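Before any comments, here is the structure.
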There are 2 protein chains.
Amino acid sequence: MSLPQAAARYLQVKDFILERIAGGSLRAGERVPSENELTRTLTVSRMTANRALRELAADGVLVRVAGVGTFVAEQRVHAHPLEVRNIADEIRARGHEYRVKVLALDSVSASRELAERCGVKPGAQLDYSLLTHFEDAAPLQVEERYVNPQVAPGYLRNDFSRTTPHEFLIRVAPLQRAEHIVRALVPERRIRRLLRLEAGEACLLIMRRTFSHGRIASVADLYHPGSRYELAASCQPR
Amino acid sequence: MSLPQAAARYLQVKDFILERIAGGSLRAGERVPSENELTRTLTVSRMTANRALRELAADGVLVRVAGVGTFVAEQRVHAHPLEVRNIADEIRARGHEYRVKVLALDSVSASRELAERCGVKPGAQLDYSLLTHFEDAAPLQVEERYVNPQVAPGYLRNDFSRTTPHEFLIRVAPLQRAEHIVRALVPERRIRRLLRLEAGEACLLIMRRTFSHGRIASVADLYHPGSRYELAASCQPR
DNA sequence: CGGGACTACTTGTCTATACAGGTCCAGGGT
DNA sequence: ACCCTGGACCTGTATAGACAAGTAGTCCCG
């Protein structure tokens with residue numbers, strides 16, 4: 001272990017653009033520097049600038065038009081898409097009492113696997129929380145969450161008895177996109193005990209990644225008791 | 001407007017790999033040709049081969065290990081729950097063989113509970129089917145479906161080895177809306193055996209109702225093995 | 001027999017250069 | 001007034017060459 005390896009240059013170029021978008025000096029629809037301009041101002045080859053812009057375009061952060069230029073994509077920022085809901089609101093909407101128990105709250109160093117999921121470099125600091133959300137007396141969700149402090153700073157300073165992680169995140173990091181993977185499993189013992197499940201009971205795991213400013217703001221594993229929770233979705237074909 | 005523009009070479013390389021995966025000559029976990037081998041056999045530059053493999057890795061098709069090689073990723077099954085898709089297409093898109101087994105096909109009289117779910121009067125006739133969909137040799141979905149013949153007539157006359165229920169329904173009853181409820185459970189014995197699950201294994205149940213002409217066309221319970229199936233959803237708020 | 005150096009091969013990155021094709025605008029000819 | 005033609009600039013792709021770093025096997029030396 002020594003000198004922190006300098007990040008790849010194409011990653012530096014991506015960060016250069018992303019920081020300008022996050023900082024507000026590049027707004028949706030505005031033009032970003034062309035490959036040739038980046039070549040000059042950042043002293044990289046055009047191929048390197050090309051790769052940075054191409055990957056950002058593949059991620060939906062930028063839009064490129066041959067012969068014209070590269071522009072910041074219109075990000076539809078929406079406080080509350082149907083699929084990403086606040087569990088406290090859900091519970092209260094059913095007329096029940098919402099309560100949360102904070103089991104862990106910490107800053108951790110990302111393992112390689114975690115770093116990959118969160119889109120950061122291995123070893124980067126991430127805010128970590130482990131909460132159980134209760135509906136009346138029964139646990140309804142175990143939420144294990146990692147937050148990128150670069151994208152959503154101040155996560156650990158929250159009082160989660162008053163603000164849910166979800167509320168904090170939509171305030172600090174406007175939600176651009178969310179990815180979900182849903183899985184059914186019989187959980188390990190730790191989760192089973194937190195959800196107070198019988199041995200052999202199934203649980204529903206929702207793995208969620210939320211994006212803000214083209215970067216991953218937060219990664220969460222949400223465990224629900226299979227017997228008391230279901231996911232509803234309604235869709236209309238376009 | 002003719003002369004089919006030759007596809008970009010890096011796309012040709014991607015196709016070369018994808019075809020070999022689809023065709024079965026490259027299986028999960030197996031090694032794919034190195035960049036240098038592709039350079040020789042396909043007469044492209046290493047950068048072009050690199051781009052092809054890198055993009056396939058970004059898509060999750062391949063896994064690359066520096067110093068070792070590039071391998072076909074273990075594909076975890078993915079689907080988009082918010083879209084209603086055809087499971088046969090999904091399986092074939094992964095380059096696997098699709099097969100279906102018809103376990104029951106009948107006309108039944110709706111119980112009170114079923115009638116409520118289907119939006120018909122108790123005692124009304126409903127078409128019923130029970131199918132198992134296979135990916136190669138492994139069952140991927142048990143589909144238990146009730147169809148309202150008033151909305152989608154002729155369901156029972158289908159040859160389901162050639163037309164999936166989904167294909168029939170979208171042809172006969174234009175899809176207007178779909179409702180999904182997703183649940184995790186350890187299934188009853190009947191489902192467990194059809195999915196060839198171990199005792200105590202979890203499965204993912206998707207209960208789907210599709211609407212056509214403002215009426216419920218079909219109600220389906222779709223059971224998937226929890227160990228081999230997951231739902232993926234990406235949502236962009238609009 | 002064990003360990004370390006060496007080697008061959010891999011991915012990962014970076015650069016300079018090249019050409020093709022799209023877009024836009026200005027300027028000149030009709 | 002209209003067209004259309006060049007040039008400037010953009011993205012998109014392709015190549016050859018280079019160096020770094022990771023991995024695994026071999027082979028030699030102690």
Side-chain angles (χ1 to χ4, degrees), chain A residues 1-18 26 29-73 111-113 115-116 119-124, chain B residues 1-18 20 26 29-73:
Chain A
M1 288 310 293
S2 53
L3 299 186
Q5 183 77 277
R9 309 201 66 172
Y10 79 94
L11 291 175
Q12 293 176 28
V13 177
K14 288 177 78 169
D15 281 341
F16 175 85
I17 303 292
L18 287 172
L26 274 177
E30 282 183 4
R31 170 177 205 152
V32 314
S34 75
E35 296 178 2
N36 282 320
E37 284 166 358
L38 291 172
T39 294
R40 286 191 294 272
T41 62
L42 300 185
T43 333
V44 296
S45 76
R46 186 167 87 90
M47 282 302 292
T48 300
N50 175 273
R51 177 168 177 188
L53 297 184
R54 181 173 12 104
E55 291 190 359
L56 288 174
D59 290 344
V61 176
L62 303 178
V63 173
R64 315 198 74 191
V65 183
V68 181
T70 304
F71 305 88
V72 179
S111 69
R112 200 169 57 190
E113 193 182 1
E116 193 177 340
V120 299
K121 287 195 282 280
Chain B
M1 283 301 296
S2 52
L3 296 188
Q5 181 79 282
R9 309 199 68 172
Y10 78 95
L11 292 176
Q12 293 176 29
V13 177
K14 288 176 78 169
D15 282 341
F16 175 84
I17 302 291
L18 286 173
R20 260 151 196 76
L26 276 176
E30 281 183 7
R31 168 177 205 151
V32 313
S34 75
E35 296 178 3
N36 283 321
E37 284 166 359
L38 291 173
T39 294
R40 286 190 294 272
T41 62
L42 300 186
T43 334
V44 296
S45 74
R46 207 198 122 205
M47 281 301 292
T48 300
N50 175 273
R51 177 168 177 187
L53 296 184
R54 181 171 15 102
E55 291 190 0
L56 288 175
D59 291 345
V61 177
L62 304 178
V63 174
R64 316 198 74 192
V65 182
V68 180
T70 304
F71 306 87
V72 179

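Residue numbers begin at 1 in each chain, while the letters A, B, ... track the order of the sequences. Hydrogens, waters and symmetry mates are skipped; everything else that's a heavy atom, side chains included, is used. Given the structure is predicted, the values throughout are model-derived calculations rather than measurements.
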Test salt bridge (Lys or Arg N to Asp or Glu O under 4.0 Å) applied to [X] - qualifying residues, sequence neighbours left out:
X     : result
B:R20 : none
A:R31 : none
B:R9  : none

Might you list the N or O atoms of the protein lying below 3.5 Å from N or O atoms in nucleotides 16-19 of chain C, with each pair's distance?
{"residue": "C:dA18", "atom": "N6", "partner": "A:R46", "partner atom": "NH2", "Å": "3.3"}

For [X], enumerate each residue passing the side chain to side chain contact (heavy atoms under 4.5 Å, CB included) test, keeping only those at least two apart in sequence or located in another chain.
X     : value
A:A8  : A:Y10, A:L11
B:E30 : B:L26, B:R27
B:E37 : B:P33, B:S34, B:R40
B:L56 : B:K14, B:I17, B:L18, B:V61, B:L62

Does D:dT13 have OP1 or OP2 under 4.0 Å away from a side-chain N or O of B:R51? yes
If the cut-off is 4.0 Å, is A:Y10 near the phosphate of C:dC14, judged by side-chain N/O to OP1 or OP2? no
A:A8 side-chain proximity, nearest of D:dT11, C:dT13, C:dT15: C:dT13
When you get a sec, tell me which of D:dT13, D:dC10, C:dT13 is the closest nucleotide to the side chain of A:N50? D:dT13
Can you find a pair of side-chain heavy atoms, one from B:L38 and one from B:L53, that are under 4.5 Å apart? yes
Short of 4.0 Å, heavy atom to strand atom, which residues of residues 62-71 of chain B count as contacting DNA chain C? B:R64, B:V65, B:A66, B:G67, B:V68, B:G69, B:T70
